[in-house]
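Presented below is the structure to which this report refers.
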2 protein chains.
Amino acid sequence: MKETIKKAAAALFAEHGYAGTSLAQISEKVGIKKPSLYAHFKSKDHLFECIIQDAFDAETKRVEAADDLYKLLESYLFLYEEDALFRFLLTSSFFPPDFLKKRILKKYDEYLQSLEEKVKMVLPSDSVHTEDAAIMYTIILDSLLVELCYGTRERSQKRLDTAWRVYEQAFMKGQKKR
Amino acid sequence: MKETIKKAAAALFAEHGYAGTSLAQISEKVGIKKPSLYAHFKSKDHLFECIIQDAFDAETKRVEAADDLYKLLESYLFLYEEDALFRFLLTSSFFPPDFLKKRILKKYDEYLQSLEEKVKMVLPSDSVHTEDAAIMYTIILDSLLVELCYGTRERSQKRLDTAWRVYEQAFMKGQKKR
DNA sequence: TTTTAACTAACGACCGGTAGGAAGGGAAAG
DNA sequence: CTTTCCCTTCCTACCGGTCGTTAGTTAAAA
């Protein structure tokens with residue numbers, strides 16, 4: 001049940017934001033009455049925090065498990081379409097409720113850092129500009145996430161293709177092409 | 001007075017979102033009572049729409065007046081810090097209230113298109129990959145806006161530097177460096 | 001027998017919005 | 001020049017509705 005509630009709430013929070021989603025909407029989507037939510041979560045804030053913790057954990061695992069930089073980028077295309085929890089993470093990071101702003105910023109920082117380390121690990125150590133490569137990678141990722149929020153799937157794919165061509169040319173010369 | 005209200009509302013909407021900002025907060029910030037707002041705007045929706053129209057108009061003008069691609073990117077760094085109306089545009093585009101989602105998406109499309117045309121105008125016509133250059137430019141811009149929302153000023157600047165170095169190398173070889 | 005998870009009822013606070021009137025300024029009429 | 005009138009802009013008081021949350025109860029599970 002707890003998971004059912006989190007799932008429904010994540011979808012609603014992702015679409016309408018924290019302030020724009022009411023407990024009445026959540027309970028209705030789950031199929032229970034509003035006060036019943038309090039048997040599982042002690043407040044709206046608490047519910048939100050539980051979900052975002054799940055979302056960060058899942059995303060961290062994904063990044064840690066990745067071994068191909070391009071595939072990691074590409075995976076976000078599917079993820080955005082099919083995983084409400086990921087959409088929740090995205091919109092809540094772009095626009096967190098006030099009471100979580102600081103903590104989310106911190107987590108985003110850690111996330112960026114883990115991404116940079118991942119890039120430095122995967123890229124050949126004889127590359128001269130690994131730091132630049134890491135920054136450029138986060139640039140591509142962030143722009144991809146923005147495009148996913150707005151554009152069509154096709155346009156996101158095109159953006160990824162173009163960006164990756166430039167990226168390979170700049171930082172992976174001589175490496176095996178994917 | 002109308003302008004005073006719009007200014008205060010824009011700052012609040014930018015920080016807390018549409019649903020997270022109440023008319024009571026706005027009127028308090030302005031220094032009048034809540035019902036007085038209705039002498040100037042017929043509803044909360046209407047107020048929001050007026051502001052976002054202003055914001056889009058201002059941003060469109062800025063892009064049209066630009067003649068240097070790098071300077072245009074750089075200008076966003078200042079803009080984000082000093083212009084509440086721009087921050088409003090940013091957050092409202094990332095996360096629009098439901099009743100405006102469609103219209104804002106459309107405006108964003110037009111905005112991207114005007115940006116692409118701007119890039120094609122400014123870049124030398126003998127460039128082979130003007131289309132790629134245009135897409136890559138929007139990638140850099142979007143990622144810069146994301147970083148502005150989260151990171152420090154310095155990190156945004158670094159991101160811009162790195163991205164621009166790659167961009168010049170890929171699309172402006174042989175052109176005068178800035 | 002204790003715990004858990006659901007319910008109904010209701011709370012105070014706040015929401016966007018309305019009614020109706022007071023104060024002030026500017027233009028028109030005397 | 002004064003008076004009247006109107007329009008704008010603000011106010012106080014209040015509306016119905018929704019918000020997140022609590023109290024108290026019930027029924028089934030452990």
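Within every chain, numbering begins at 1; the chains are lettered A, B, ... in the order of the sequence lines, protein sequences first and strands thereafter.
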Discussion item. Output the rounded distance in Å from NE2 (A/H46) to P (D/dT21).
Written reply: 12 Å
Discussion item. Of the listed nucleotides (D/dC19, C/dG16, C/dA6), which one gets closest to any side-chain atom of A/K34?
Written reply: D/dC19
Response to the item:
When rounded to whole Å, the NZ to P distance for the pair B/K2 and D/dT8 reads 11 Å
Item to complete: Provide, to the nearest angstrom, the distance between the OH atom belonging to A/Y38 and the P atom belonging to D/dG20.
Response: 7 Å
Item to complete: Please state how far atom NZ in B/K33 lies from atom P in C/dG20, giving the value in whole angstrom units.
Response: 22 Å
Practice prompt. Take atom CD1 of A/I26 and atom P of D/dT21, then tell me their distance rounded to the nearest Å.
Written response: 11 Å
Fill in: Side chains of B/F48 and B/F88 in contact at under 4.5 Å (non-hydrogen atoms)
yes
Worksheet, complete the sentence: B/L47 atom CG is separated from C/dG16 atom P, nearest whole Å, by 11 Å
Discussion item. Does A/K33, at its NZ atom, have more than 12 non-hydrogen atoms belonging to other residues, nucleotides or ligands within less than 6.0 Å?
Written reply: no
Worksheet item: Of all the choices, C/dC7, D/dG20, D/dC19, which nucleotide is nearest to the side chain of A/L23 once you look at every atom?
Response: D/dG20
Discussion item. Nearest to the A/S43 side chain among C/dA6, D/dT9, D/dT21, which nucleotide is it?
Written reply: D/dT21
Worksheet item: Which whole-number value in Å describes the distance from A/Q25 CD to D/dT18 C1'?
Response: 11 Å
Discussion item. So for atom CD, which belongs to A/E28, do other residues, nucleotides or ligands contribute more than 12 heavy atoms lying within a distance under 6.0 Å?
Written reply: no
Item to complete: Report yes if at least one side-chain N or O of A/S22 is closer than 4.0 Å to OP1 or OP2 of D/dC19; otherwise report no.
Response: yes
Item to complete: Flag the pair A/K107 and A/D57 as a salt bridge only when some basic side-chain nitrogen lies within less than 4.0 angstrom of an acidic carboxylate oxygen.
Response: no
Worksheet item: Hey, does B/T21 reach any base, or is it just sugar-phosphate, or nothing, if we go heavy atoms under 4.0 Å?
Response: sugar-phosphate
Worksheet item: Which part of the nucleic acid, if any, lies within reach of A/S36 when heavy atoms closer than 4.0 Å are counted: base, sugar-phosphate only, or nothing?
Response: base
Practice prompt. Report the nucleotide, chosen from C/dG16, D/dT12, C/dT8, that has the shortest atom-to-atom distance to any side-chain atom of A/P35.
Written response: C/dT8
Worksheet item: Hey, does A/V146 have a side-chain heavy atom less than 4.5 Å from the side chain of B/L145?
Response: no
Worksheet item: Between C/dA6 and A/H40, is there an OP1 or OP2 to side-chain N/O distance shorter than 4.0 Å?
Response: yes
Discussion item. Is it the case that the base of C/dG17 and the side chain of B/K44 share a donor-acceptor contact (distance under 3.5 Å, atom types as modelled)?
Written reply: no
Fill in: Atom-pair distance (CZ on B/F48; P on C/dG16), nearest Å
13 Å
